[in-house]
Amino acid sequence: MAKTIMVIDDSASLRSVVGIALKGAGYDVLEASDGRDALNKLTGQKVHLIVSDVNMPNMDGITFVKEVKKLSSYKFTPIMMLTTESQPEKKAAAREAGAKAWLVKPFQPPMLLDAVSKLVLP
Amino acid sequence: MEGLRRVRKRFLRPGEHCVTREPMMLSTLLGSCVAVCLFDPVAHVSGMNHFLLPVRNPAAGPATLDSNAGRYGLWAMEILIDNKALKLGARRERLRAKAFGGANVLQVSSGALPERYSIGTANVQFVRRFLEQDGIPLVAQDLGGLNGRQIYFYGGDYSVYLRRVPRSSTVAIIDEERGYLRHAIAAKQRKPQVDFFEDGPGSKA
């Protein structure tokens, strides 16, 4: 059974591109447009990895990580940040919040998929 | 007109962008490149980028968003929107865009034209597709064609003044901007690193 990866980004174009790469590698993809939308969509189904943008409206990526860590069903779900953001403080905040990895755009699919394969839950 | 003389001005070179809450006058010179003027009229945030997709083989068809060129374009737009405009208080649902540029040296009628002749078309296709997919209304545009353009975007009222560049000068602009971008694109496309925050299933990359 395919593993499910949630992709969170406020850009539909970016979600689409990341989704193409992940689906091409055999993953199921669940999309959300920001942190709040993602929390609303985490309704009990198994998610093996979350790939999240940082700068988003309604709820940014770092706040989202903090919120997910409060959810008993998802607190062990690995989260990778995929962002144009390069500020060291943001990266440190993501790490502090509990994110597992940080990848700066523009990404190359092989690198994304390699990181995903290392982080995705069995 | 007297007031405009006191407005801060900035000229954008290929690969550059500027986003501000101050009503600045942003200008640029476009050949094959495209510039997206973005604004949120409620938050009074305005900005512009100037980029060229690194299309390797435009004759092979439009640069899809998930191609290397498309991902570079996505990055250029995200820097403008996510990293700058939204941080200054713009809201994605209020954003409006005006897009310019994407000239070709010759009329594109055949897929077999050399790269420099059709790269403008690839840029135009990318910008239209990106804005449509991201739901950002394209409220004004002057894209494609055979002439380069000089544009001035005023953040005070979001108006654009456009001057067409004669074709003889357009060829020179296109050659210059592509040379200019070679370094910028190479720098931005250097293999990014994944930072893993702890040892475990994914030890340091």
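Keep in mind it's a predicted model, so treat the numbers as computed, not measured. By convention in this document, chain letters (A, B, ...) are assigned in the order of the sequence lines, proteins followed by strands, and residues within each chain are numbered from 1. Because only heavy atoms are used, hydrogens play no part in the values below, and waters and symmetry mates are left out as well, while side chains stay in.
Between the side chain of D134(B) and the backbone N or O of I136(B) there is no donor-acceptor pair closer than 3.5 Å.
Taking chain B as the reference chain and counting heavy-atom pairs below 4.5 Å, the highest number among V17(A), T84(A), V120(A) is found for T84(A). Taking chain B as the reference chain and counting heavy-atom pairs below 4.5 Å, the highest number among P78(A), S11(A), A21(A) is found for S11(A). Of the listed residues (S16(A), A101(A), P109(A)), the greatest number of heavy-atom pairs within a distance under 4.5 Å of chain B belongs to A101(A). By number of non-hydrogen pairs under 4.5 angstrom with chain A, the leading residue of K87(B), E78(B), E93(B) is E78(B).
Contact annotation for A99(A): both backbone and side-chain heavy atoms come within less than 4.5 Å of a heavy atom of chain B. For a residue to count as touching a neighbouring chain, one of its non-hydrogen atoms must lie under 4.5 Å from one of that chain's; by this rule L14(A) touches chain B with backbone and side chain alike.
Salt-bridge formation is detected for the pair D9(A)/K105(A): a Lys NZ or Arg NE/NH1/NH2 atom is positioned less than 4.0 Å from an Asp or Glu carboxylate oxygen.
Between N123(B) and the options V127(B), T121(B), I119(B), a side chain to side chain contact (heavy atoms under 4.5 Å, CB included) holds for only I119(B).
Ring pair Y72(B)/W75(B) is tilted by interplanar angle, where 30° to 60° counts as tilted.
Within a 6.0 Å radius of CD in E132(B), other residues, nucleotides and ligands contribute 12 heavy atoms or fewer.
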